[in-house]
Every structure is written in C-alpha cells, then in structure tokens.
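To start, the structure itself, in structure tokens.
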Amino acid sequence: MASIFTKIINREIPSDIVFENDKVIAFKDINPQAPVHILVVPKKEIATINDIKEEDKELIGEVYLAIGKIAAQLGIAEEGYRVIANCNEYGGQEVFHIHFHLLGGEKLGPLV
Ligand code: 5GP
C-alpha cells in the first residue's frame, strides 16, 4: 500500500509543498513543532533508514542538497536549523517512508 507521503507526492492528499524535483519533495508538517517545520522526503518509498541500500547513496545526497536549498529559500540558512530523521519505535517513527524533519525559525531546545 502506498505510504501517506506517496499519496502526497501523487496529489491524492493535499499538502503545502515548498520544494519539488524529480527525486525529492518537501512540504509543511501538518503538526509543526517549530515556526518552520518541513518534511523532506525522497520520492522513492524506503520504509526506514535501516532499508537504505547502496543504490540509494546518491538519492540521500539529493535529499541533503534539497534541504540546503529549502533552508535558503525559507530564509533560515544563516541563523541555522536542525535536521532530524526518526527510525522505528525507539526513534518515534510514525510514517514508514523515510523523511527528514527540517526545523527552524527560532533557537531550538535540547535535542531530546
Ligand atoms: P515521524 O514521527 O514518522 O518522524 O514523523 C511523521 C511526521 O509526519 C509527523 O511530524 C506528522 O505531523 C507528519 N504527518 C503525518 N501525516 C501527515 C500528513 O498527512 N500531512 C503532512 N503534511 N504531515 C503529516
């Protein structure tokens, strides 16, 4: 079954998209934890960080390139931001399609 993020990619579920290219999409988190809270998602549906393969190395690089572009686009690059990726139960992962939380817009608190 398609992940909720694949449904967003396919425009089956609405979202507030801030960036998209052929490999990566980024949209506002529905439940923001900071003034800027963007989910940066590879279009390829990889369930968890544990499932990233050798063949995905370039794709993960594309994700980080996108993060830098989005941070600049949203005006948070210089002040700074945090990138978080949760994995499985202890990491608090809820959506099993890898994604990177881009958080910023204020000085963030402790990591956990
Ligand atoms: P996780 O806990 O898996 O790292 O993060 C999943 C994130 O996806 C959560 O921050 C949650 O608010 C967000 N989310 C879940 N469903 C939707 C949705 O339908 N639209 C958007 N924009 N964000 C979602």
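Both counts, for ligands and for their atoms, begin at 1 and track the order of listing. What you see is a predicted model; the values in this text were computed from it and never measured. Residue numbers count from 1 along this sequence.
Side-chain atoms of D51 and I98, non-hydrogen and from C-beta on, never get closer than 4.5 Å to each other. You'll find the side chain of N86 stays beyond 4.5 Å of the side chain of E94, heavy atoms only. Side-chain contact between H97 and I4: absent, with no pair of heavy atoms (C-beta onward) separated by less than 4.5 Å.
Atom CD1 of I70 is separated from atom CD of E20 by 11.0 Å, given to the nearest 0.5 angstrom.
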Give every pair formed by an N or O atom of ligand 1 and a protein N or O atom closer than 3.5 Å, one pair per line with both atom names and the distance to 0.1 Å, or write none.
unit_1   : atom_1 : unit_2 : atom_2 : d
ligand 1 : 2 (O)  : G92    : O      : 3.0
ligand 1 : 2 (O)  : E94    : N      : 3.3
ligand 1 : 3 (O)  : E94    : N      : 2.7
ligand 1 : 3 (O)  : V95    : N      : 2.9
ligand 1 : 3 (O)  : H99    : NE2    : 3.0
ligand 1 : 4 (O)  : N86    : ND2    : 2.8
ligand 1 : 4 (O)  : H99    : NE2    : 2.8
ligand 1 : 4 (O)  : H101   : NE2    : 2.8
ligand 1 : 5 (O)  : H99    : NE2    : 3.1
ligand 1 : 5 (O)  : H101   : NE2    : 3.3
ligand 1 : 10 (O) : D29    : OD1    : 3.2
ligand 1 : 10 (O) : D29    : OD2    : 2.5
ligand 1 : 12 (O) : D29    : OD1    : 2.5
ligand 1 : 22 (N) : K28    : O      : 2.9
ligand 1 : 22 (N) : I30    : N      : 3.4
ligand 1 : 23 (N) : I30    : N      : 3.3

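Other residues, nucleotides and ligands place more than 12 heavy atoms under 6.0 Å from the CD atom of Q73. Heavy-atom neighbours of K28 NZ from other residues, nucleotides or ligands within 6.0 Å: at or below the threshold of 12.
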